[in-house]
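The structure appears below as structure tokens.
Counting starts at 1 for both ligands and their atoms, in listed order.
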Amino acid sequence: MQNFTFQNRTKIIFGRGTEEQVGVEVKNYSGRALFLYGGGSIKRNGIYDRVMDSLDSSGIEVVELGGVQPNPRLSLVKEGIKVCREDEIDFILAVGGGSVIDTAKAISIGVPYEGDVWDFYSTDMDIEESLPIGTVLTIPAAGSESSPGSVITKEEGGYKRDAVDNELRPEFSILNPEFTYTLPEYQTASGAADIMAHVMERYFTNEEHVGLTDRLCEGTLRTVIENTPVALEEPENYDARAEITWASTIAHNDLLGTGRVEDWASHKIEHELSGMYDVTHGAGLAIVFPAWMEYVYQENVERFAQFTTRVWGKETNYYSLERTARGGIKALKDFFSDIGLPTNLNELDVNIGDGDLEEMANKCTEDGTVGNFVKLDAEDVLEIYRIAR
Ligand code: NZQ
Ligand code: ZN
């Protein structure tokens, strides 16, 4: 096990009715907030009114900015920075999913920064100052409600890049699983794939003696595997929604990566897809992750065999550990199909030619190799895109 520092400042407020606390929480930081949201689902399902009631009763003055799109765009970040500067706003409340929260994070570092906010996404410069943010989560998926990451797409060139810094963790996040009842099935399923991917990016390591975090990863994966079909069948099953919502946070608050070298190749490979073709991130991962596994599993067959037996409950094939390992990859792919996700590029509603695959592979490895389980160069990544076809 490697040395590590684990620190996560985000206060999690979880359960039914917890949105009633949002006004009091915001008041700890400011009497005035930017209320940031997405394409309008919160107005249709009543979340907007419930959050607004709580802000009103704490006397919080609100400036609204809606219109955050999935795979959130840099242009709206810049608009948000302008609004905050003009209206002297010093707190941002994100009500939505990863896209809204990531936009809030980008605005929060852009306001005090004199240069172009994209600098934080195109280089690994440190973040020294940010406005505090809070979140009310409406979809369990990205884990941005307590992660140190923000992922933004620059429209020009279709660059989807991240900034990662502890400064980006929200001050508080309110998680009411009932808020996820209105999710379209495709979003519930894509969210599940993203949560699983966050665990698997950490699980597939060559680090030894990480037994505790292995078991935590396996438990989180099993929780998602067991509860996602229930939530799809019964969208208002509180218990299933609650398990998935908590799994989303646990998967990406950095606890599961303690003491181990994490991978993250599949995320980088997927980000090219959603950056260039606006693919839903979790659906993109359902395509990329099994392809990555097929390409790299021989590097550590024992770990993949452990994944098969412990996560999917399948027997070890004592004549062939390799077959055991492949059984887990197949089980994952079957699960993604069963919950309604695409598992190859041809199932997407986009036209991707050979030249496009090469362009994505080159963009993905612009800064060198990606991943740690196996370090992948442009040719490796291209091969993974081809397997994914
Ligand atoms: O925009 P609205 O109208 O609200 O609709 C959204 C959106 O269309 C809808 N939705 C959300 N909650 C709903 C709902 N519809 C009905 N009822 C509800 N309760 O769902 C759609 C997707 O929303 P989005 O915020 O894009 O989803 P998600 O949370 O999956 O976020 C995806 C983004 O997060 C990034 C991804 O790359 C992607 O851009 N990620 C961020 C990470 C981080 N900051 O740590 C890590 C992840 O790996 C990921 O890369
Ligand atoms: Zn993700």
Side-chain angles (χ1 to χ4, degrees), residues 8 10 19 36-48 50-51 66-74 76-77 94-106 121 133 135-153 160-166 168-170 173 175-202 231 235-236 241 244-245 248-249 251-254 257 262-275 278-286 288-289:
N8 188 325
T10 308
E19 70 281 1
L36 188 70
Y37 58 96
S41 68
I42 63 163
K43 293 212 166 154
R44 293 188 292 277
N45 59 22
I47 294 173
Y48 174 92
R50 284 159 75 170
V51 172
V68 176
Q69 290 168 261
N71 297 320
R73 313 298 202 263
L74 182 61
L76 194 87
V77 170
V95 185
S99 297
V100 176
I101 300 171
D102 286 1
T103 302
K105 289 176 174 180
Y121 294 81
I133 76 163
T135 90
V136 178
L137 187 70
T138 64
I139 167 171
S144 189
E145 63 273 15
S146 76
S147 83
S150 160
V151 191
I152 297 295
T153 298
K160 186 171 184 184
R161 293 290 179 267
D162 61 8
V164 180
D165 195 297
N166 272 321
L168 288 173
R169 293 191 200 266
S173 284
L175 278 55
N176 179 348
E178 288 178 344
F179 282 7
T180 70
Y181 288 173
T182 53
L183 279 170
E185 285 183 5
Y186 195 65
Q187 290 298 337
T188 297
S190 296
D194 194 18
I195 297 169
M196 292 176 74
H198 296 156
V199 180
M200 295 187 296
E201 296 280 16
R202 295 170 165 101
E236 302 201 0
R241 293 292 194 181
I244 298 167
T245 301
S248 148
T249 305
H252 203 36
N253 71 355
D254 287 339
E262 305 179 7
D263 189 63
W264 296 101
S266 300
H267 263 71
K268 294 225 157 66
I269 296 170
E270 194 293 315
H271 281 168
E272 296 308 329
L273 260 184
S274 43
D278 211 10
V279 170
T280 300
H281 171 61
L285 286 167
V288 168
F289 224 111

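Of the protein's non-hydrogen atoms, Phe179 O, 2.9 Å is the one closest to atom 19 (N) of ligand 1. In terms of protein heavy-atom proximity, atom 28 (P) of ligand 1 is nearest to Gly98 N, 3.6 Å. Atom 35 (C) of ligand 1 has as its closest protein heavy atom Asp102 OD2, 3.6 Å. For atom 34 (O) of ligand 1, the closest non-hydrogen atom on the protein side is Ala142 CB, 3.6 Å. Protein heavy atom closest to atom 32 (C) of ligand 1, with residue, atom name and distance, is Ser99 OG, 3.9 Å. Protein heavy atom in closest approach to atom 17 (N) of ligand 1: Thr182 OG1, 2.8 Å. Nearest protein heavy-atom contact of atom 13 (C) of ligand 1 is Leu183 CD2, 3.4 Å. Counting only heavy atoms of the protein, atom 3 (O) of ligand 1 lies nearest to Ser41 N, 3.0 Å.
Below 4.0 Å from some heavy atom of Pro70 lie the following atoms of ligand 1, by number and element: 7 (C), 8 (O), 26 (O). Applying the 4.0 Å criterion to heavy atoms of Pro184 picks out, from ligand 1, the atoms 15 (N), 16 (C). Every atom of ligand 1 with a heavy atom of His271 under 4.0 Å away is listed here by number and element: 37 (O), 50 (O). Residue Lys160 has at least one heavy-atom neighbour below 4.0 Å for each of these atoms of ligand 1: 36 (C), 37 (O), 38 (C), 39 (O). Close contacts between ligand 1 and Gly149 involve ligand atoms 43 (C), 44 (N), 45 (O) [criterion: under 4.0 Å to a heavy atom]. Each of the atoms 39 (O) of ligand 1 lies under 4.0 Å from some heavy atom of Asn71. Taking every heavy atom of Ala141 and a limit of under 4.0 angstrom, the matching atoms of ligand 1 come to 29 (O), 30 (O). Residue His252 has at least one heavy-atom neighbour below 4.0 Å for each of these atoms of ligand 1: 45 (O), 46 (C).
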Could you go step by step and tell me if Phe179 and Glu19 meet the side chain to side chain contact (heavy atoms under 4.5 Å, CB included) rule? CA-CA 10 Å; Phe179 282 7; Glu19 70 281 1; 3.5 Å; yes

Between Leu76 and Gln69, does the side chain to side chain contact (heavy atoms under 4.5 Å, CB included) criterion hold? Intermediate values first, please. CA-CA 9 Å; Leu76 194 87; Gln69 290 168 261; over 6 Å; no

If you apply the rule side-chain hydrogen bond (donor to acceptor under 3.5 Å, both in side chains), what do you find for Glu145 with Ser248, and how did you get there? CA-CA 9 Å; Glu145 63 273 15; Ser248 148; 2.8 Å; yes

Might you work through the side chain to side chain contact (heavy atoms under 4.5 Å, CB included) test for Asp254 and Arg202, ending with a clear yes or no? CA-CA 9 Å; Asp254 287 339; Arg202 295 170 165 101; 3.0 Å; yes

Given side chain to side chain contact (heavy atoms under 4.5 Å, CB included), test Thr188 with Arg241 step by step and report yes or no. CA-CA 10 Å; Thr188 297; Arg241 293 292 194 181; 3.2 Å; yes

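With salt bridges taken as basic N to acidic carboxylate O contacts below 4.0 Å, one links Arg73 and Asp278.
Less than 2.8 Å away from the Zn ion (ligand 2), the protein contributes these N/O/S atoms: Asp194 OD1, His198 NE2, His267 NE2, His281 NE2.
With a heavy-atom cut-off of 4.0 Å, Ser147 touches ligand 1 through its side chain alone. Residue contacts with ligand 1, taken as heavy atom pairs separated by less than 4.0 Å, do not involve Tyr181 at all. Contacts between Ile42 and ligand 1 below 4.0 angstrom, taking non-hydrogen atoms only, are absent altogether. Neither the backbone nor the side chain of Gln69 comes within 4.0 Å of ligand 1, counting heavy atoms alone.
Within the structure, the closest approach of Pro72 to ligand 1 falls below 4.0 Å when heavy atoms are considered. Residue contacts with ligand 1 do not include Glu270, since none of its heavy atoms lies under 4.0 Å from the ligand. Residue contacts with ligand 1 include Gly40, since one or more of its heavy atoms lies under 4.0 Å from the ligand.
Proximity of Thr10 to Asn253: side-chain heavy atoms (C-beta onward) are nowhere separated by under 4.5 Å. Here the side chains of Val199 and Met196 are not in contact, with every heavy-atom distance at 4.5 Å or above. Contact check for Asn176 versus Arg50: side-chain heavy atoms found under the 4.5 Å cut-off. Contact annotation: the side chain of Asn71 approaches that of Ser274 to within less than 4.5 Å [non-hydrogen atoms, C-beta and beyond]. In this structure, the side chains of Pro140 and Leu183 come closer than 4.5 Å at one or more pairs of heavy atoms. When side chains are defined from C-beta on, Gln187 counts as touching Thr280, because their heavy atoms get closer than 4.5 Å.
In this structure, the separation between OH on Tyr121 and CD1 on Ile152 is 4.5 Å, given to the nearest 0.5 Å. The CZ atom of Arg169 sits 12.0 Å away from the CD1 atom of Ile133 when rounded to the nearest 0.5 Å. A distance of 14.0 Å separates CD in Glu178 from OG1 in Thr138, rounded to the nearest 0.5 Å. In this structure, His252 NE2 and Glu201 CD are separated by 9.0 Å, a value rounded to the nearest 0.5 Å. Taken from CD in Glu236 to OG1 in Thr180, the straight-line distance is 9.5 Å, to the nearest 0.5 Å.
Between the side chains of Asp102 and Ser144, at least one donor N or O lies within less than 3.5 Å of an accepting N or O. In this model, no donor atom of one side chain and acceptor atom of the other lie less than 3.5 Å apart for Thr135 and Lys105.
Below 3.5 Å of separation, one finds no N or O of Ile139 facing any N or O of ligand 1. Not a single N or O atom of Val100, backbone or side chain, sits closer than 3.5 Å to an N or O atom of ligand 1. Distances between N or O atoms of Lys105 and those of ligand 1 include no value under 3.5 Å.
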